[in-house]
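To keep things clear, I will list the structure first and then write my remarks on it.
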2 protein chains.
Amino acid sequence: VRIEIVAVGTELLLGQIADTNSKWLGENLAANGVTSHFHQAVGDNHDRIVLALRTALARSDGVIMCGGLGPTQDDITREAIAEVMNVPLVRDQAIVDRIASFFEARGRTMSANNARQADVPQGATIISQTAGTAPGLVCPVGNKVVYAVPGVPYEMTEMFERAILPDLRARMAETGEEGVIASRVLRTWGASESGLAESLQDRIDALDQTGEVTLAFLASGIEGIKVRITARARTLRDVTELLDKEEVEVRRAIEQRLGDIVFGVDDETMEVAVANRLIAHGLTFGVAESLTGGLIASRLVNVPGASAWFRGGVVAYDSQVKFDVLGVPAGPVVTEPAAAAMAEGVRKVTGADVGLGITGVAGPDDQEGVAPGTIFVGFALPDRPTETRQLRVPGDRERVRQYGAISALDLLRRTLDAPPS
Amino acid sequence: VRIEIVAVGTELLLGQIADTNSKWLGENLAANGVTSHFHQAVGDNHDRIVLALRTALARSDGVIMCGGLGPTQDDITREAIAEVMNVPLVRDQAIVDRIASFFEARGRTMSANNARQADVPQGATIISQTAGTAPGLVCPVGNKVVYAVPGVPYEMTEMFERAILPDLRARMAETGEEGVIASRVLRTWGASESGLAESLQDRIDALDQTGEVTLAFLASGIEGIKVRITARARTLRDVTELLDKEEVEVRRAIEQRLGDIVFGVDDETMEVAVANRLIAHGLTFGVAESLTGGLIASRLVNVPGASAWFRGGVVAYDSQVKFDVLGVPAGPVVTEPAAAAMAEGVRKVTGADVGLGITGVAGPDDQEGVAPGTIFVGFALPDRPTETRQLRVPGDRERVRQYGAISALDLLRRTLDAPPS
């Protein structure tokens with residue numbers, strides 16, 4: 001069953017609110033094996049809602065319309081559906097009574113407008129309201145179906161799970177289509193999208209033969225590139241098995257060509273990857289930042305439970321702060337020795353087990369004769385000599401800082417995985 | 001000119017990422033007087049992209065396609081546009097060379113796949129790339145137009161402003177459709193949307209009479225609420241005059257009811273507002289952060305030229321770091337005296353003129369018997385006693401930190417404006 005989502009509301013077109021409903025519906029349709037080939041957003045205009053709905057019905061088996069069921073004059077989804085069904089709207093007195101009692105229970109009087117929410121296209125059935133005032137609708141159009149739900153997220157999700165999903169499942173059972181689709185995302189840092197694609201070309205070719213598993217790449221800016229594994233099967237258990245098996249293959253292929261670039265799965269951020277390693281080794285952490293100016297620290301404190309291992313940091317933006325607070329020797333500060341001294345200094349100042357120091361040039365101008373995008377990172381760990389690394393990152397000032405922060409965290413992740421040299 | 005946005009990417013349909021591009025484009029088209037009646041999202045499938053594009057062209061004057069210009073096999077927007085234009089793709093050697101030198105500059109070799117990004121539908125013109133590798137496209141289709149831009153947000157927004165918007169303006173001038181539409185945004189912090197709307201109700205009523213100037217409110221999460229003034233007139237000069245005049249009225253109405261809550265205009269962030277005041281007073285700055293963990297410092301170093309006034313900071317996440325590095329007296333650390341001591345301590349440690357200290361509870365649990373969302377801020381300024389303020393902010397851990405950071409900067413802005421008490 002292919003379902004198109006049509007989000008209704010001029011505020012969506014004007015970008016005044018983000019269309020989180022379509023995202024949620026897309027995710028939940030996919031997780032239940034329902035295909036969605038198109039989404040549309042349309043404003044509060046009768047003719048254009050009708051056109052969007054007809055367009056959607058022509059290329060899908062059904063449509064979920066989200067929004068435009070409220071009480072005001074610009075809520076016209078009901079009218080548009082009735083036109084497409086070619087039937088009149090009929091006011092349902094039972095719904096009018098229910099809305100009136102909803103208002104009464106809150107000590108308010110129902111305004112006349114609210115009765116519009118009881119208008120039902122002839123032949124449609126109701127998804128009764130539990131949270132707000134507007135009921136949802138299930139509207140047959142030939143052998144296809146139009147579902148209408150309110151745009152308020154918690155009303156929409158509740159009706160989807162209670163009424164739409166069971167109805168879709170019944171339709172899928174009829175067509176013998178049933179199944180589950182699920183995805184898993186491997187997050188990488190440090191490779192190009194094309195390099196990743198090449199490392200996985202053999203897997204993609206092999207998977208093309210069977211069609212039950214697919215791979216896709218998703219460039220995510222400063223968060224790196226994601227590899228998405230999607231599988232389809234009859235049961236959740238079968239899907240999970242397919243994902244597990246393919247994850248092993250994908251990791252092996254990437255590792256072989258590009259090394260240890262997979263840092264997390266699904267929602268696991270780089271800072272979570274670092275935190276997990278610090279916790280596993282029982283180490284506390286402190287960071288000295290120059291060009292990143294607190295970015296690394298602020299990412300780390302976002303990890304729940306950070307207080308168990310994060311001691312703090314020094315933002316040593318001015319050179320004098322590097323000398324006075326961190327004990328960096330006077331002289332040039334965009335150098336490997338300065339990064340090493342920052343790492344050792346912050347380790348001492350914060351009393352942490354592990355210290356990271358980062359210095360470099362964000363740009364736009366050179367500093368100490370060093371070009372923008374040049375970054376030095378130092379790592380001071382217990383029982384081994386302080387290590388340093390040089391990085392070159394692209395982009396403007398803001399991106400140099402963002403790339404510098406995640407690159408330094410990635411190097412820390414690898415350093416914590418490596419045995420002392 | 002009516003423009004439809006078509007976002008390309010299976011990850012959008014699967015709800016794996018939010019379609020922030022369409023929201024941004026919708027907002028920026030509207031701000032420039034361009035109408036958008038429909039948005040679509042479509043997956044990485046040739047036939048369906050072609051169908052979405054044909055559907056969009058049939059009901060609009062032009063289309064902005066976002067995404068699917070990358071180097072991998074599932075990036076097929078170029079092919080789909082060529083099919084709709086009914087022309088072949090031609091590889092542009094100049095673009096191939098530019099991409100190759102992009103890789104060379106980073107010490108990497110261009111893979112064969114990347115050359116696909118140099119494929120151009122015959123008859124299309126290029127929007128040259130400044131940030132990534134894929135150029136954008138301007139493709140004539142009869143008397144309509146298809147723009148294609150990468151899905152990476154900063155590449156998309158840059159190309160929109162540099163190439164698409166000027167092209168749209170030229171088209172609008174040709175059709176004699178408009179004079180000039182321009183907007184100005186006043187950024188506020190600390191008022192509710194309904195409070196702001198009430199303070200401006202008289203202005204809105206007065207403007208409704210004429211129709212040449214409109215006001216809109218745009219809730220922008222942690223960046224506060226924006227009041228957008230939009231004016232339409234025959235020439236840029238007339239529009240600017242209307243905007244200048246209305247800005248005075250709007251500021252007066254807001255000030256009267258809600259006080260000094262306008263901190264910036266258009267792109268002027270809170271950190272820029274603070275920087276301007278530090279520069280005006282010739283003061284340097286240092287910050288000591290506990291719950292915000294480097295957020296304030298990292299916002300400040302984003303201001304161009306920050307090195308002239310930003311000395312650095314201490315992220316004192318662990319209490320011991322507060323005691324040892326900042327000289328906070330041993331004892332409870334989520335208090336007004338601790339915030340004051342942090343401000344004075346960081347002023348001394350960084351050698352800055354002005355010190356800010358911030359401590360509080362991000363949650364989810366109480367700390368020292370203090371509830372989540374409680375924040376204490378201290379300000380140490382030359383020639384006046386250290387001041388402290390208590391704040392209560394709503395939300396989860398992440399939002400408490402973000403609200404705390406901007407609230408503290410807003411208090412600093414007001415403190416720098418106030419004469420010593």
Side-chain angles (χ1 to χ4, degrees), chain A residues 12-16 18-20 23-27 30 36-43 48 51-52 55 59 183 192-195 197-198 216-219 221 228 292-295 297-298 300-302 307 310-318 320-321 324-325 349-351 392 394-395 398, chain B residues 10-20 23-27 30 36-43 48 51-52 55 59 70-74 106 108 111 113-114 131 152-153 218 293-295 297-298 300-302 304 307 310-318 320-321 325 349-351 398:
Chain A
L12 297 168
L13 298 180
L14 294 176
Q16 292 177 332
D19 183 9
T20 54
K23 178 181 187 298
W24 188 93
L25 284 169
E27 203 175 339
S36 190
H37 285 167
F38 302 92
H39 293 177
Q40 282 186 90
V42 61
R48 294 197 281 272
L51 177 56
T55 301
R59 60 191 181 186
S183 288
S192 68
E193 188 174 346
S194 52
E198 272 169 39
F217 303 95
L218 189 54
R228 186 183 66 224
T292 51
L295 266 184
S298 67
L300 290 172
V301 301
N302 256 351
S307 57
F310 184 62
R311 304 272 303 170
V314 173
V315 179
Y317 204 61
D318 192 277
Q320 203 62 44
V321 176
D324 295 349
V325 182
V349 165
T350 62
R392 288 274 310 149
E398 163 75 8
Chain B
T10 304
E11 67 277 11
L12 298 168
L13 298 181
L14 294 176
Q16 293 177 328
I17 61 168
D19 183 10
T20 54
K23 177 181 188 299
W24 188 93
L25 284 169
E27 194 177 346
S36 191
H37 285 166
F38 302 92
H39 293 177
Q40 282 186 91
V42 60
R48 294 195 282 269
L51 176 56
T55 301
R59 61 191 181 186
T72 63
Q73 292 301 328
D74 61 1
R106 281 152 189 79
R108 286 151 55 189
S111 69
N113 266 341
N114 276 286
V152 181
L218 191 54
L295 267 183
S298 67
L300 289 173
V301 300
N302 255 353
S307 57
F310 184 62
R311 304 272 303 170
V314 173
V315 180
Y317 204 60
D318 192 277
Q320 202 62 44
V321 175
V325 182
V349 165
T350 63
E398 164 75 9

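Quick caveat, the model's predicted, so the values are computed rather than measured. Below, read A as the first sequence line, B as the second, and so on, with proteins coming before strands; counting in each chain starts at 1.
- Counting heavy atoms from C-beta outward, B/Asp19 and A/His39 have side chains that stay 4.5 Å or more apart.
- Comparing B/Leu12, B/Asn113, B/Leu13 by how many heavy-atom pairs each has under 4.5 Å with chain A, the most go to B/Leu13.
- The structure places CD of A/Glu193 at 4.5 Å from OG1 of B/Thr72, a figure rounded to the nearest 0.5 Å.
- The choice from B/Arg108, B/Arg311, B/Gln40, B/Glu398 that makes the most heavy-atom pairs within less than 4.5 Å of chain A is B/Arg311.
- Proximity to chain A (any heavy atom under 4.5 Å) is shown, for B/Val349, by both the backbone and the side chain.
- Contact count against chain B (heavy-atom pairs under 4.5 Å) is highest for A/Pro394 among A/Pro394, A/Ala316, A/Gly351.
- Of the listed residues (A/Gly312, A/Ala30, A/Gly313, A/Ala216), the one with the most heavy-atom contacts under 4.5 Å to chain B is A/Gly313.
- B/Leu295 and A/Ser298 make their closest contact through N-CB, 3.7 Å (heavy atoms, listed as atom of the first residue, atom of the second, distance).
- Across all non-hydrogen atoms, the minimal contact from A/Phe38 to B/Ala52 is CE2-CB, 4.0 Å.
- Of the listed residues (A/Gly395, A/Ala41, A/Ala297, A/Gly294), the greatest number of heavy-atom pairs within a distance under 4.5 Å of chain B belongs to A/Ala41.
- Using a 4.5 Å cut-off between heavy atoms, A/Thr292 touches chain B through its backbone atoms (N, CA, C, O) alone.
- Taking A/Ser194, A/Ala197, A/Ser183, A/Gly43 one by one and counting their heavy-atom pairs under 4.5 Å with chain B, the maximum is reached by A/Ser194.
- Annotation: maximal heavy-atom pairing with chain A below 4.5 Å, among B/Leu300, B/Ile17, B/Leu25, occurs at B/Ile17.
- Under the 4.5 Å side-chain criterion, counting only non-hydrogen atoms from C-beta, B/Thr10 is in contact with A/Arg228.
- Of all heavy-atom pairs between B/Glu27 and A/Gly15, the closest is OE1-O, 3.7 Å.
- In this structure, A/Val315 and B/Phe310 have side chains that are in contact, with non-hydrogen atoms separated by less than 4.5 Å.
- Ranked by heavy-atom pairs under 4.5 Å with chain A, the list B/Gln73, B/Arg59, B/Gln320 is led by B/Arg59.
- A/Val325 touches chain B through its side chain: at least one heavy atom from C-beta onward sits under 4.5 Å away, while N, CA, C and O do not.
- Contact of B/Thr55 with chain A is made through the side chain alone, with heavy-atom distances under 4.5 Å.
- Looking at A/Glu198, only its side chain comes within 4.5 Å of chain B, counting heavy atoms on both sides.
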